[in-house]
Peer 1: 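Quick one: this structure, given as structure tokens, is what I'll be asking you about.
Convention: sequence-line order gives letters A, B, ...; per-chain numbering from 1.
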Amino acid sequence: MQYHFNDIEAKWQKYWAENQTFKASNNSDKPKYYVLDMFPYPSGAGLHVGHPLGYIASDIYARYKRHKGFNVLHPQGYDSFGLPAEQYAIQTGQHPAITTETNIKTYRRQLDQIGFSFDWSREVRTSSPEYYKWTQWIFIQLFESYYCFNDNKAKHIKELIYVFKVNGNKDANVACDDNVEEFTAEEWNSFSEDKQQDILLQYRLTYLAETEVNWCPALGTVLANDEIVNGVSERGGHPVIRKKMTQWSMRISAYAERLLQGLDTIDWTDSLKESQRNWIGKSVGASVTFNVMPSVSSSAVETSHQIEVFTTRPDTIFGVSFMTLAPEHELVQKITTLEQKAEVDAYIEATAKRSERDRMADVKTISGAFTGAYAEHPFSKEPIPIWIGDYVLAGYGTGAVMSVPCGDQRDYDFAKHFNIPIPNIFEGVDISEEAYTSKDNVTITNSDFLNGMNYKKATKRAIFELEQLGQGQGKINYRLRDAVFSRQRYWGEPFPVYYVDGKPQMIDVQHLPITLPEVEKYLPTETGEPPLGRADIWAWDTKNNKVVSNDLVIPTEVGTTDEESHNGIYPLELNTMPGWAGSSWYFFRYMEEKANRGEAFASQDALNYWENVDLYIGGSEHATGHLLYSRFWVKFLKDREFVSVDEPFKKLINQGMILGTSAFVYREEGTNTYLSQGLIEGKNVLPIHVKVQYVNASDELDIEGLKNDDEFGEDFNNAEFILEDGVYKVGREVEKMSKSKYNVVNPDAICEQYGADSLRLYEMFLGPLEQAKPWNTAGITGVHGFLKKLWKLYVGDEGLKVNDTKPTKDNLKTLHKTIKKVEEDIENFSFNTSVSTFMIAVNELTAQKCTSKEVLEPLLVLLSPYAPHIAEELYSLLGNTESISTASFPKFDASHLVESSKNYPISFNGKMRFTLELPMDMSKEEIEKTVMAHEKTIAQLEGRTPKKVIVVPGKIVNIVG
RNA sequence: GCUCAAGUGGCGGAAUUGGUAGACGCGCUGGAUUCAAAAUCCAGUUCUUUCGGGAGUGUGGGUUCGAUUCCCACCUUGAGUACCA
């Protein structure tokens with residue numbers, strides 16, 4: 001009986017599906033364990049061998065946990081809104097829903113053939129209305145909430161309204177826009193309803209505001225900060241410009257501190273936490289207010305101005321010799337003197353022309369302009385010249401800095417360049433070459449009341465003195481900006497929002513979902529509106545609570561409001577939500593069984609039972625996007641008591657990328673001759689990518705196959721291949737797996753030729769999960785050979801070889817050291833080493849001619865998380881009628897590993913020279929005596945007397961001298 | 001520039017608290033089997049060597065009886081981030 005993996009795998013995949021073997025229950029006596037993969041975007045290209053790596057790892061862990069007696073939730077779904085389906089729709093006119101459906105079918109088929117233990121009964125798709133109904137619902141909850149810093153949590157907006165009614169906003173310690181006006185309770189109560197709504201919008205956790213956004217003209221949409229890489233769009237690499245637009249934003253900045261603190265409570269890698277910390281960018285310092293001195297020739301009407309700056313070094317306040325404003329700073333126009341106006345305007349124009357990218361590429365060039373205005377030093381009252389310079393960013397802090405050239409290298413360079421004085425306030429420090437930027441080992445001098453203090457003391461004192469003057473206070477600044485939540489796209493969640501007199505109104509939650517309307521084209525409108533501007537049926541009827549035709553919206557008559565002239569029918573929001581909306585809460589949706597999903601995004605029972613994700617596996621590219629937004633939404637949902645957990649993902653592992661091994665042929669310049677890899681030295685050759693499937697394990701090219709290739713065969717029709725040793729050897733290089741490099745390996749072909757179990761084992765065998773590693777199909781023969789060997793251990797030509805023979809000591813020793821190692825490996829996510837362990841076990845048991853069921857049956861359970869199909873098949877051949885997934889994990893018994901003797905390594909000065917078999921119970925003294933008497937020891941010493949002999953019983957002997 | 005991770009045979013990689021460096025697999029070499037090939041099996045495979053050995057985990061130091069492992073400096077590669085005041 002042969003190992004027919006294709007039949008076996010198809011059989012068990014069918015069995016698992018039919019018996020719902022991996023369906024999780026929301027009721028169980030067992031402890032729960034939730035294993036989750038980052039769900040895929042179903043792209044048209046399908047899976048390549050790099051994609052399943054994380055899924056295989058999580059599947060092994062999920063199956064292991066089942067063997068260990070846990071009630072495991074291991075679901076899968078699709079992040080099915082997104083740009084590629086929309087781009088395809090623009091090109092072909094095909095509805096993105098159809099494209100998405102087709103792609104999902106392909107994904108599902110490819111995933112199924114790898115034998116994952118997913119509970120598909122809980123599948124979610126972010127693009128299905130029953131799902132995004134709840135994304136819309138969460139959006140409404142955010143709109144109905146504000147953030148209270150006193151209680152450090154989000155609360156319902158009605159509580160804030162109450163505060164305003166009673167106290168106004170003077171003492172409200174809550175998150176809000178920067179530019180809110182102060183009002184008293186009386187004022188609030190006298191405001192019109194409209195005005196009150198405008199004010200509340202400045203406090204809501206999702207709010208509509210005119211903000212400067214990253215606009216990508218090529219994509220026709222705005223992008224979030226994390227969707228921009230090196231100044232260009234992450235998708236497509238298109239230029240991005242700054243533009244003012246009215247957009248929905250999420251007040252994630254209110255959660256900055258909690259997002260930072262929460263990192264200490266979760267088991268993520270340090271590098272990932274570090275990314276999030278950087279992104280949040282907390283800095284502790286002070287805000288300082290400088291008064292602008294009156295000027296005789298200011299270009300504006302004379303009023304008093306103040307400049308607020310943020311500094312992390314209030315201790316250096318006496319080192320300030322100038323101030324610098326960002327060119328975009330609002331005060332620039334107001335304070336610039338008539339003499340300097342031309343220069344300043346020219347500078348502003350020049351900087352405005354430079355794109356974000358140019359500015360980033362060119363950080364060396366120092367540029368700026370003097371405004372002619374002076375600020376007054378808060379303590380010395382000396383005048384300080386005010387400059388503008390593009391090294392100060394409008395978007396960080398207040399867009400203005402107090403420049404301390406002796407303590408900051410950028411200020412130093414700027415001062416040197418423009419010949420501004422550089423006063424030294426550090427005792428005994430040489431600043432003739434560069435600034436002294438360290439906070440350590442420094443004593444402040446030339447600084448009035450700060451003289452003689454160190455950084456810590458001086459900082460405290462400076463803040464105290466500033467507070468006395470009313471010109472500053474201690475302040476914490478975060479880099480984290482509110483997240484823009486509107487996208488000018490079609491294929492995303494519609495907002496449950498309509499507009500009355502331009503003011504946003506939420507649709508009542510009972511009328512959700514608001515489903516995507518049909519459009520005849522997926523492009524922006526000619527007038528620049530988002531694609532939903534093309535929809536004909538996209539207005540909200542507030543009387544009948546349904547979406548109706550736009551024709552029913554009556555244009556507002558002059559002199560009336562919308563409300564007066566409309567028939568209760570208003571235009572709906574034209575933007576859609578960004579990709580991260582649906583992925584910020586999907587892990588809760590899986591907790592609820594499909595049949596019970598109607599009432600809430602998940603029932604309280606389901607949420608309380610599953611709590612949060614115990615193990616989350618996915619790519620590191622989501623370090624600052626998805627993972628930060630999910631944490632934010634979870635904290636919000638917790639504040640509003642919709643969920644009971646603070647963090648969505650307790651443990652997180654980033655799987656490394658699988659790289660492709662590209663193959664090259666070398667064409668000699670100007671000829672049609674291709675040289676084998678060994679012949680190219682000194683020749684002028686052009687390397688050309690060829691498809692990796694025409695290359696064998698020894699890097700030999702299948703020339704006939706290449707010439708007959710449907711796509712590229714013709715290119716090589718008349719080519720002459722110069723061989724070496726009778727074969728053509730290709731050159732190889734490790735690169736990112738990509739279609740254009742012809743190094744993509746498809747899992748379908750691997751499953752067909754070697755089987756899913758081989759694929760699973762090989763992906764794990766390649767190397768540590770978290771590390772990037774190259775794929776080389778040739779190596780798969782190793783694990784495939786192992787499975788054949790395993791099969792032969794159980795099944796011979798005459799059928800099953802396993803019987804009830806008593807296991808030998810060696811059999812048990814092999815089994816138990818394998819149990820120990822595999823268990824440790826899985827707990828440490830070191831899956832590559834357990835594959836080796838299995839190979840060793842099978843090699844040893846084969847050599848031992850083991851046929852004992854008592855050993856061979858538990859071995860199958862150990863292997864089953866890794867290679868579930870062959871394990872199921874052999875397990876059933878042994879007479880079991882239930883799935884192996886119900887078997888419990890074998891118990892390790894250390895007594896089988898006890899040895900009576902030890903093969904001691906005998907070292908001389910730390911170098912092992914020979915080994916010596918000695919009894920385990922031999923004493924230290926006896927060991928030393930025996931070793932010293934040994935002829936090889938005497939030979940090594942060559943008559944010398946050793947200075948010292950180290951004996952560690954059970955470990956090693958080291959002879960020194 | 002800053003932060004983090006990593007450097008071990010021809011290749012992927014192993015070595016769990018410092019204790020026999022190179023497990024396991026690929027590739028390669030030789031052999032068995034075969035008309036032949038595939039498949040399978042056996043032996044060998046870090047380098048060097050006068051066959052006794054000797055050297056060896058990016059480089060240079062250090063701690064230790066003993067260092068791939070710990071410490072310091074440097075080099076290289078990869079990832080992230082960047083005029084963050």
Side-chain angles (χ1 to χ4, degrees), chain A residues 229-230 269-275 277-279 281-283 285 309-313 316 324 326 359-360 362-364 366 389-393 395-404 407-411 413-414 477-479 620-621 623-624 654 656-657 661 696-699 732 734 761-762 765-768 770-786 788-789 792 820-821 824-825 828 830 832-840 843 903-915 939 946-952 954-961:
Chain A
V229 179
N230 293 330
T269 59
D270 288 341
S271 67
L272 204 84
K273 289 184 182 182
E274 201 54 34
S275 298
R277 285 193 189 106
N278 284 339
W279 198 259
K282 179 179 183 174
S283 42
V309 302
F310 173 75
T311 177
T312 53
R313 297 292 303 272
T316 64
T324 316
R359 242 167 108 161
M360 276 161 65
D362 179 26
V363 297
K364 291 261 148 58
I366 295 160
D390 69 358
Y391 81 95
V392 177
L393 304 175
Y396 183 77
T398 60
V401 300
M402 58 174 228
S403 301
V404 183
D408 183 286
Q409 194 57 43
R410 290 157 307 173
D411 295 344
D413 295 339
F414 195 87
N477 203 52
Y478 297 93
R479 196 184 79 114
S620 58
E621 66 274 20
T624 48
N654 292 129
M657 209 191 313
T661 311
N696 75 3
S698 311
D699 296 346
R732 307 225 80 160
V734 172
L761 281 174
Y762 189 51
F765 190 56
L766 281 176
E770 297 179 78
Q771 195 175 299
K773 51 220 168 254
W775 176 272
N776 192 346
T777 304
I780 202 169
T781 55
V783 291
H784 188 63
F786 155 73
K788 288 200 265 190
K789 225 164 155 178
K792 280 203 210 155
K820 181 167 190 279
K821 177 83 173 124
E824 283 169 1
D825 284 346
N828 294 323
S830 172
N832 53 326
T833 47
S834 27
V835 179
S836 312
T837 306
F838 290 130
M839 290 173 169
I840 294 166
N843 288 344
N903 197 20
Y904 278 93
I906 312 300
S907 304
F908 292 81
N909 297 317
K911 292 232 170 270
M912 202 282 288
R913 292 306 178 212
F914 64 94
T915 61
K947 287 193 192 110
K948 209 171 177 182
V949 180
I950 312 278
V951 178
V952 185
K955 283 249 158 95
I956 197 173
V957 178
N958 191 20
I959 298 161
V960 188

Peer 1: Reckon A:S620 touches a base, only the sugar-phosphate, or nothing at all at heavy-atom distances under 4.0 Å?
Peer 2: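 It contacts nothing in the nucleic acid.
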Peer 1: What integer distance in Å separates A:N278:CG from B:C83:P?
Peer 2: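 Whole-Å distance recorded here is 13 Å.
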Peer 1: Is A:S275 near enough to B:U81 that one of its side-chain N or O atoms lies under 4.0 angstrom from OP1 or OP2?
Peer 2: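 No, A:S275 has no side-chain N/O under 4.0 Å of OP1/OP2 on B:U81.
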Peer 1: If we call it a pair only when both distances are under 3.5 Å in a Watson-Crick or G-U wobble match, what pairs with B:U40?
Peer 2: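 With both distances under 3.5 Å, B:U40 matches B:A32.
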Peer 1: Whole angstroms only, please: what is the NZ-C1' distance between A:K773 and B:G12?
Peer 2: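 Atom-to-atom, A:K773 to B:G12, this comes out as 11 Å.
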Peer 1: For the side chain of A:V401, counting heavy atoms from C-beta on, which of B:U20, B:A85, B:A23 is nearest?
Peer 2: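 Within the option list, the nearest is B:A85.
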Peer 1: Using a cut-off of 4.0 Å on non-hydrogen atoms, how would the nucleic acid contact of A:K282 be classed: base, sugar-phosphate, or nothing?
Peer 2: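 The answer is nothing, as A:K282 stays clear of every strand by at least 4.0 Å.
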Peer 1: For A:R913, report the nucleic acid contact type (base, sugar-phosphate, nothing); a contact means any heavy atom under 4.0 Å.
Peer 2: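 Touches sugar-phosphate only.
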Peer 1: Would you say the side chains of A:T661 and A:N776 form a donor-acceptor pair under 3.5 Å?
Peer 2: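 Their side chains do not contain a donor-acceptor pair, so the 3.5 Å distance test is not met.
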Peer 1: Name the nucleic acid region contacted by A:T311, choosing base, sugar-phosphate or nothing; use a 4.0 angstrom heavy-atom cut-off, strictly under.
Peer 2: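 Sugar-phosphate, no base atom in range.
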Peer 1: In whole Å, what is the span from the CG atom of A:N843 to the P atom of B:A43?
Peer 2: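 Nearest whole value for this atom pair: 11 Å.
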Peer 1: Could you tell me how far apart A:K911 (NZ) and B:A55 (C1') are, to the nearest whole angstrom?
Peer 2: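 Interatomic distance, NZ of A:K911 to C1' of B:A55: 8 Å.
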Peer 1: What are the two closest heavy atoms between A:V401 and A:V309, and how far apart are they?
Peer 2: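 Reported closest heavy-atom pair: C-CG1, 3.7 Å.
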Peer 1: Quick one: A:K788 NZ to B:A39 P, roughly how many Å, whole number?
Peer 2: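 After rounding, the gap between these two atoms is 8 Å.
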Peer 1: Please report the distance, rounded to the nearest Å, between CD in A:E824 and C1' in B:A14.
Peer 2: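 Rounding to the nearest Å, CD of A:E824 and C1' of B:A14 are 15 Å apart.
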Peer 1: Supply the atom-to-atom distance A:T781 OG1 to A:Y762 OH, rounded to the nearest 0.5 angstrom.
Peer 2: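 Atom-to-atom, A:T781:OG1 and A:Y762:OH are 8.0 Å apart.
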Peer 1: Side chain of A:E274, base of B:U3: donor and acceptor closer than 3.5 Å?
Peer 2: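 Absent.
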Peer 1: In whole Å, what is the span from the CZ atom of A:F914 to the C1' atom of B:G52?
Peer 2: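 Roughly 15 Å, once rounded to whole Å.
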Peer 1: Using a 4.0 Å heavy-atom cut-off across all strands, classify A:N832 as base, sugar-phosphate, or nothing.
Peer 2: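 Sugar-phosphate, no base atom in range.
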Peer 1: Which nucleotide in the list B:U16, B:C41, B:G12 gets nearest to the side chain of A:F765?
Peer 2: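 Out of B:U16, B:C41, B:G12, the nucleotide with an atom closest to A:F765's side chain is B:G12.
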Peer 1: If you take all heavy atoms of A:V949 and A:V957, which pair is closest and at what distance?
Peer 2: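 Heavy atoms only, the tightest pair is CG1-CG1, 4.3 Å.
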Peer 1: Could you give the CD-to-P distance, from A:E770 to B:A79, as a whole number of Å?
Peer 2: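 Taking atom P of B:A79 as the reference, CD of A:E770 is at 17 Å.
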Peer 1: Are any of A:Q771's side-chain N or O atoms less than 4.0 Å away from OP1 or OP2 of B:G13?
Peer 2: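 Checking A:Q771 against B:G13: at least one side-chain N or O falls below 4.0 Å of OP1 or OP2.
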Peer 1: Do A:K948 and A:N958 have side-chain N/O donor and acceptor atoms under 3.5 Å apart?
Peer 2: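 No, A:N958 and A:K948 have no side-chain donor paired with an acceptor closer than 3.5 Å.
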Peer 1: Checking base pairs now: Watson-Crick or wobble, both atom distances under 3.5 Å. What partners B:U17?
Peer 2: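 Base-paired to nothing in any strand shown.
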Peer 1: What nucleotide, of B:A21, B:C83, B:C26, holds the atom closest to the side chain of A:A778?
Peer 2: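 For A:A778, the side-chain atoms sit closest to B:C26.
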Peer 1: Think A:N776 has a side-chain N or O under 4.0 angstrom from the OP1 or OP2 of B:C11?
Peer 2: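 For A:N776, the contact criterion (side-chain N or O under 4.0 Å from OP1 or OP2 of B:C11) is not met.
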Peer 1: Output the distance between atom OG1 (A:T324) and atom CZ (A:F414), rounded to the nearest 0.5 Å.
Peer 2: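 Answer for the OG1-CZ pair, A:T324 versus A:F414, is 5.0 Å.
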Peer 1: Taking the side chain of A:I956 as its heavy atoms from C-beta onward, which of B:G19, B:A85, B:G25 lies nearest to it?
Peer 2: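 The answer is B:G19, which lies nearest to the side chain.
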Peer 1: Does B:G52 adopt a syn or an anti glycosidic conformation, taking syn as a chi angle within 90° of 0?
Peer 2: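 Syn.
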Peer 1: Can you give me the closest heavy-atom contact between A:S836 and A:F765, atom names plus distance?
Peer 2: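 That closest heavy-atom pairing would be OG-CE1, 3.7 Å.
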Peer 1: Please state the P separation for the pair B:C4 and B:C72 - nearest whole angstrom.
Peer 2: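 To the nearest whole Å, 12 Å.
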Peer 1: Taking syn as any angle within 90 degrees of 0 and anti as the rest, which one fits B:G9?
Peer 2: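 For B:G9, whose glycosidic angle is within 90° of 0, the conformation is syn.
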Peer 1: What distance, rounded to whole Å, do you find between the two C1' atoms, one in B:G18 and one in B:C65?
Peer 2: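 To the nearest whole Å, 12 Å.
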Peer 1: What protein N or O atoms touch nucleotides 61-65 of chain B N or O atoms at under 3.5 angstrom, if any, and at what distances?
Peer 2:
residue, atom, partner, partner atom, Å
B:C65, O2', A:N958, ND2, 3.1
B:C65, O2, A:N958, ND2, 2.8

Peer 1: Identify the heavy atoms of A:R479 and A:Y396 that sit nearest to each other, and give their distance.
Peer 2: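 Scanning both residues, the minimum pair turns out to be CA-CE1, 4.0 Å.
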Peer 1: Taking OP1 and OP2 of B:A82, is either one under 4.0 Å from a side-chain nitrogen or oxygen of A:R479?
Peer 2: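 Yes, such a contact exists.
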